[in-house]
There are 2 protein chains.
Amino acid sequence: MEEATGQEPRSSLAIAPEARQSLRGHVHQQLRMAIISGRLPSGQRLNERLLAEEMEISTTPLKEALRQLEAEGLVEVLPRRGVVVRFDASFAEEMILARAALESPIAALAAERVDDDGRARLGATVQLMREATEAADIARLILLNETFHGAIHAASGSRHLTRMVAQQQFYDGSARRVIHRDAGESRLAFEEHKGIAEAIIAGQPQEASARMSAHVLRSGRLYLTAVFGR
Amino acid sequence: MEEATGQEPRSSLAIAPEARQSLRGHVHQQLRMAIISGRLPSGQRLNERLLAEEMEISTTPLKEALRQLEAEGLVEVLPRRGVVVRFDASFAEEMILARAALESPIAALAAERVDDDGRARLGATVQLMREATEAADIARLILLNETFHGAIHAASGSRHLTRMVAQQQFYDGSARRVIHRDAGESRLAFEEHKGIAEAIIAGQPQEASARMSAHVLRSGRLYLTAVFGR
DNA sequence: CCCTGAAACTTGATATATCAGATTTCAAAA
DNA sequence: TTTTGAAATCTGATATATCAAGTTTCAGGG
């Protein structure tokens with residue numbers, strides 16, 4: 001069922017406008033990583049001027065970045081008093097719950113809406129994951145993991161849920177590598193991914209949703225201990 | 001089990017710092033309402049200077065408010081091109097799914113963590129809801145509805161999930177009044193609320209979670225048709 | 001008549017200046 | 001020694017100015 005939108009097929013040469021990161025985008029990302037990596041510890045007060053000076057920018061983009069972090073819940077703003085970092089294990093735990101909660105309906109929607117193209121992508125990704133798992137190719141597995149979840153997000157056709165779930169990541173590449181280093185974990189994760197994909201391809205929303213939730217909760221808890229220990 | 005924090009009990013005279021709304025807080029709230037009420041239609045481009053001028057403020061607090069809206073997904077920022085309103089029925093539908101998804105673990109946590117005080121509050125609120133439902137006291141029902149969900153949020157001890165769910169509201173007081181005007185709906189909603197409260201008080205996370213999800217999905221769809229028709 | 005491209009204009013992105021609330025300091029009074 | 005409160009200071013909140021990317025306009029060449 002081809003769509004005749006009259007739209008020019010996006011040239012592969014075109015630079016997506018969202019790729020050209022703005023200063024505030026950089027700042028937001030930097031601060032976010034500094035917070036979730038613990039470099040800016042919870043409770044830390046952020047002085048707008050000092051911080052802007054250190055980052056060698058003006059306060060305007062910094063303020064904008066801080067407002068984004070505020071909306072994500074990573075910092076708290078005390079009116080007329082300042083910005084305070086708010087991120088600890090219990091917050092991360094809630095992020096896992098939120099991610100699991102949000103990925104569930106996404107998986108269900110994907111199972112309802114997936115088309116042949118999406119099915120093909122998912123199947124192919126699972127096959128590549130199988131190979132990478134057997135080869136214990138960690139870097140590739142990390143990449144494929146994103147491809148996998150990205151394919152599901154795309155198939156779900158959801159915009160808002162997808163954006164929200166993207167905000168629930170509290171670990172970076174190094175934590176991922178630690179997790180994926182464990183072959184047992186990789187095999188388990190692969191079985192889960194396979195089960196999720198099968199449910200979506202078979203058009204079983206309930207099954208897909210349940211499996212996705214279980215997968216995110218289980219692996220999330222693993223990251224939690226990896227990042228916070230205990 | 002009294003806590004000896006050494007903290008002065010907050011005087012009832014004290015003005016909570018978060019009550020003193022900042023300019024950007026006002027602006028954010030104003031814009032949010034304008035968007036969800038449809039006064040600023042989806043696709044509408046927002047010119048920062050014009051808008052700031054109309055609102056008789058400078059662009060700085062406006063920009064901050066726009067960043068918050070961006071993080072909530074209500075506007076999209078096209079770098080170097082402008083801010084565009086992004087809110088339609090399908091987005092609202094996703095907000096319902098998100099709200100249902102997020103309220104579920106909150107209800108489960110509440111069932112796990114609720115203490116005697118929380119149980120008492122919930123029970124009392126349900127009793128008041130029963131009375132207000134019988135009396136068809138719409139204004140009171142709307143208020144009690146917030147008390148009810150607020151009590152559950154408090155009992156859950158969650159911070160992040162609670163804040164996220166608060167961002168998933170896409171209707172205002174007038175839509176609520178329309179919904180609550182229907183006596184049948186009120187009775188149904190009451191039964192649902194009662195069932196949720198009972199599950200939480202009985203300490204049944206699964207049951208609480210499932211009932212909460214069903215309730216939010218059902219009533220959410222009602223709001224959807226009320227706001228968007230169809 | 002259509003294509004090209006440079007100038008004019010629009011507008012978001014960034015920087016800087018100013019204002020005002022909150023905290024701290026410290027000396028004087030109790 | 002403790003308390004008080006006013007001045008000094010810090011710092012977020014707001015306003016304004018400047019910069020640069022993107023769009024539009026339109027004259028000139030094909």
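In what follows, every chain begins at residue 1, and chains take the letters A, B, ... in the order their sequences are listed.
Stems are defined here as 3 or more consecutive Watson-Crick or G-U wobble pairs with pairing distances under 3.5 Å; those involving DNA chain C are C:1-30 with D:1-30.
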Where protein sits on nucleotides 8-13 of chain D, one letter per nucleotide: B base, S sugar-phosphate only, - none, heavy atoms under 4.0 Å: ---BBB
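Side-chain N/O atoms of B:Ser58 include none lying less than 4.0 angstrom from OP1 or OP2 on D:dT14.
Relative ring orientation between B:Phe91 and B:Phe87 is described as perpendicular, the plane-to-plane angle rising above 60° on a 0-90° scale split at 30° and 60°. Relative orientation of the A:Tyr171 and A:Tyr223 rings is parallel, given thresholds of 30° and 60° on the angle between their planes.
Within the model, atoms CG of A:Leu62 and CG of A:Asn47 stand 9.5 Å from one another, a figure rounded to the nearest 0.5 Å.
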How far apart are the C-alpha atoms of B:Asp116 and B:Arg119, what are their side-chain angles, what is the distance that settles it, and do they pass the side chain to side chain contact (heavy atoms under 4.5 Å, CB included) test? CA-CA 5 Å; B:Asp116 286 342; B:Arg119 273 185 277 264; 3.1 Å; yes
With side chain to side chain contact (heavy atoms under 4.5 Å, CB included) as the criterion, how do B:Val27 and B:Glu64 come out once you've worked through the C-alpha distance, each side chain's angles and the decisive distance to 0.1 Å? CA-CA 9 Å; B:Val27 172; B:Glu64 296 184 80; over 6 Å; no
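With B:Met212 as the partner, the side chain to side chain contact (heavy atoms under 4.5 Å, CB included) test is satisfied by one option alone out of B:Ile152, B:Leu217, B:Ile200: B:Ile152.
Qualifying salt bridge (charged side-chain N to carboxylate O under 4.0 Å, His left out) partners for B:Glu76, counting only residues two or more places apart in sequence or in other chains: B:Arg86. Under the side chain to side chain donor-acceptor pair (under 3.5 Å) criterion, B:Arg49 pairs with no residue, sequence neighbours left out. For A:Arg163, the salt bridge (charged side-chain N to carboxylate O under 4.0 Å, His left out) test picks out no residue, with sequence neighbours left out.
Applying a 4.0 Å cut-off to non-hydrogen atoms, none of the residues of residues 25-32 of chain B approaches DNA chain C.
What separates CD of B:Glu70 from C1' of C:dG12 is a distance of 13 Å, to the nearest Å. Taking atom CG on B:Leu62 and atom C1' on D:dT16, their separation rounds to 15 Å, with Å as the unit. Atom CD1 in A:Ile57 sits roughly 12 Å away from atom C1' in C:dA13 (whole-Å rounding).
Under the 4.0 Å criterion applied to side-chain N and carboxylate O atoms, A:Glu72 and A:Arg32 are assigned as salt-bridge partners.
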